[in-house]
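Data first, discussion second: the structure below is written as structure tokens.
Numbered from 1 within each chain, the chains take letters A, B, ... in sequence-line order.
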Amino acid sequence: MHTIKAHRLQPLVFLGFRFLFGKPLRNSSAPTAHRGKHGAFWGAVLGISVSIVPLYIVLFVSNGMIQGITDRYLETKTSHLQLSLPLGVSGETRKKLQQDILGLKGVISTSFEVDGVGLAASPGGSVSAQVRGLDRFMVADPGFKKFIQVDSGSIFPEKQNEAVLGRYLAKTLGVGVGDTVTLITLSDAYEGQMFPKLNVFRVAGIVSSGYRELDANWFIVQSETALRLLNPSTAHAFIGVKTADPYGPTLNGIASEIHDQLVQSGLSAIPGFSIRTWRDIEHSLFASFSSTKSTLILIMAIAIIVAAINLGSALTTYVIEHRTEIAVLRACGVSSQQTASIFLLGGAATGTLGCIAGSAVGIFISFYINQILSGIQAAINFVSRLLAPASHPVTLLNPDYYLEHIPISIDWNYIILIVGVGIAVSALVSLVPAVKSSRVAPAELIRHGE
Amino acid sequence: MNDPIIECRALTKTFSSGTEVLHILERADFSLDKGKICTILGPSGSGKSTFLAILGSLERFDSGSVRIDGYELQTLPEKSLFVFRRSVVGFVFQFHFLLNDFNALENVALPGYMAGLSRNEAWKRAQELLDLVGLRNRAHHYPSQLSGGERQRVAIARALINRPSVVLADEPTGNLDAASAKELRSLLQRLPNVAKTTLVLVTHDPELANIGDTSFLLKDGHFECIR
Ligand SMILES: Nc1ncnc2c1ncn2[C@@H]1O[C@H](COP(=O)(O)OP(=O)(O)O)[C@@H](O)[C@H]1O
Ligand SMILES: [Mg+2]
């Protein structure tokens, strides 16, 4: 019967805004004594916006990090699908398989890879190396080229005795292009007996994927070389398959088509043949990424709830301190539903203002996070050099664990979700002051001051 | 024919605090004709303010009946009292109770705006009412910039915004100096004429009590007509 219609909203907005935020400063003739006491609401707006900013940064930075890391894994190492092969499979069988897979819809490229471990040594030191035997198809793949940065030399070892090293492996070993490195692998060529194999490689290139965790120990050689050097019991050979959409639903379809091919050709019966998607292969890595992200978001969400409760208590305090004004309005014929709506709308408006301001700042900071971080880093290092000239430069995001450049993509779904939840929570906490205001009895006015 | 605009029959009101029961009104009768001024006197604590609050539906009563401008207050549910308040009565208290964050014009206009007048209409009426109470030039002043008498006149203008059939004033000059009280008195006296309303006025001030067409003394829970 007394529902609020749009044109009934205007007086509530007029009254509520003035109550909570005071008179707009422009064209205001209000005595200065009446200004400033509305600070609580601007404070609540600030509280909400400040609490939202880190949420955006964490969300977009962690999304960007996870996306960036995932892309790098998929394009430079894991591929989208892996068809594992027994080491002894003939080159002919393998090439036939690659051709069949390339014929499938949605497949962009295939490449052959043999992986294993070794020990890389140079006069500068020795360190365990992840030996990757690649073929030319891998380095020709646009995804691989996109994420691999060549520091010096070439991206692929052109000769059997050449190797391309990951940036940090080269740094640890203290070698550059043209230097030589010894790779020590274990071989069991003599009936189960292991003995070390030493091979000298010339460094043909130094590369980086931008994610140290991924490429720190890369020792890239030709796949034939890897087949020859690596211990068959620990080496892994596979055909890496790149598809048009590794994140979409078509990936599993392609995987099962490849499986069908294996069944038809009778290969599936041979141990060692198996097809897996990148999600199967890197499952634990991405599970830990997303649980870290969830934890961070949970902490940030608690900050928003705290800010909302702060808003609710500011409004409740306001109602308690302004009982008389509310009673006056009621004595003048303003309904309890109207006064309740004022505080409900006021709370929601405060939340909305806070959410919008916080979103704008949060999105802005997220967008420029790389520049901001390097600016802060430069400032810290500048100051610390002034204070202690011998100090080591500080790196805010240790590149051992983080991408050197965070790829930020702004996702509108998250923005809508955060703003929506922020407004809803603000309205929810405003229910308390709204109900409180509706219980104010106008009769107290006649006994005012007695 | 002269049907009274206010008619109370066997009105009973008690306050109980703990075991003590305070009898404010005991089967009191009261009636007032349209367009009249009625003044109510009585010792402090006799229940004058409580009676005004009952007429204004700010306070409920125990038994009896109160009919004002066709509304039977005893039958109105709490939820719809605001309709009665916004359309039938206007209140003036001893304290002005203006809202500090709003200027005089806005203070007067607000109850009209909240009651459903358009913004234009509410502000236009408010300006007319400020003219009526002699504050044409004070429209954009804030309560803190007005004198006590001026604030009380703004409060009277506010009570008139929804064109009430009854104005209830509870010791409106109680806080004012003699000169301001005198100005207010003449304003109140003109009110039934200029605002087409009926005035119930509670006062201690014998001079103000004089403006009444009728005068009652509230004592021991009953009204005694003294003029
Ligand atoms: N809510 C209440 N609870 C208990 N007693 C009350 C309440 N309101 C008023 N009273 C008492 O009722 C009596 C009448 O009060 P009031 O109407 O304000 O008198 P007046 O205006 O004539 O001075 C006083 O004794 C007052 O203490
Ligand atoms: Mg009184």
#### Entry: Contact list for residues 353-371 of chain A, test side-chain hydrogen bond (donor to acceptor under 3.5 Å, both in side chains), sequence neighbours left out
A/Tyr56-A/Ser359, A/Asn370-A/His405
Show which side-chain atoms of residues 420-427 of chain A pair as donor or acceptor with protein atoms under 3.5 Å away, not counting sequence neighbours.
| residue | atom | partner | partner atom | Å |
| --- | --- | --- | --- | --- |
| A/Ser426 | OG | A/Gly422 | O | 2.7 |

### Query
Tell me, side chain or backbone of A/Leu329 under 4.5 Å from chain B's heavy atoms, or both, or neither?
side chain
### Message
For B/Thr50, which atoms come within 4.5 Å of any heavy atom of chain A: side chain, backbone, both, or neither?
### Response
both
#### Entry: Enclosure of B/Lys13 NZ (heavy-atom neighbours >12, cutoff 6.0 Å)
yes
### Message
I need the B/Arg86 CZ to A/Arg330 CZ distance, nearest 0.5 Å.
### Response
11.5 Å
### Task
In sequence, state the C-alpha distance, the side-chain angles, and the governing distance for A/Gln337 and B/Phe82, and then conclude on side chain to side chain contact (heavy atoms under 4.5 Å, CB included).
CA-CA 10 Å; A/Gln337 202 179 37; B/Phe82 73 94; over 6 Å; no
### Query
Taking the side chain as C-beta and beyond, is there a heavy-atom pair between A/Val328 and B/Phe91 under 4.5 Å?
no
#### Entry: Contact origin within B/Phe93 toward chain A - heavy atom pairs under 4.5 Å
side chain
### Nearest heavy atoms of B/Arg85 and A/Gly333, plus distance in Å
CB-CA, 3.8 Å
### Query
Does any heavy atom of chain A fall under 4.5 Å from the side chain of B/Tyr113, the backbone, both, or neither of them?
both
### Query
For A/Phe14, does the CZ atom have more than 12 heavy-atom neighbours from other residues, nucleotides or ligands under 6.0 Å away?
yes
### Whether over 12 other heavy atoms sit under 6.0 Å from B/Arg119 CZ
yes
### Query
Any side-chain heavy atom of B/Met114 sitting closer than 4.5 Å to one from A/Leu12?
yes
## Note on the structure
Between A/Ile446 and B/Ala53 the two heavy atoms that sit nearest each other are CD1-CB, 3.5 Å
### NZ/B/Lys219: more than 12 non-hydrogen atoms of other groups inside 6.0 Å
no
### Task
To the nearest 0.5 Å, tell me how far A/Leu445 CG sits from B/Leu52 CG.
12.5 Å
#### Entry: Neighbour count above 12 (heavy atom, 6.0 Å) for B/Arg163 CZ
no
### Segment of B/Phe84 engaging chain A (4.5 angstrom heavy-atom cut-off)
neither
### Task
Starting from the C-alpha separation in whole Å, work towards a yes-or-no answer on side chain to side chain contact (heavy atoms under 4.5 Å, CB included) for A/Val334 and B/Leu110.
CA-CA 9 Å; A/Val334 176; B/Leu110 257 183; over 6 Å; no
#### Entry: chain B contact via A/Ile342 - which portion, at a heavy-atom distance below 4.5 Å
side chain
### Query
In terms of heavy-atom proximity below 4.5 Å to chain A, should B/Glu106 be classed as side chain, backbone, both, or neither?
side chain
### Query
What part of A/Ser335 gets closer than 4.5 Å to chain B, counting heavy atoms only: side chain, backbone, both or neither?
both
## Note on the structure
Looking only at heavy atoms, the pair that brings B/Leu58 and A/Ala443 closest together is O-CB, 3.4 Å
#### Entry: Approximate separation, where rounding is to 0.5 Å, of B/Leu99 CG and A/Arg18 CZ
10.0 Å
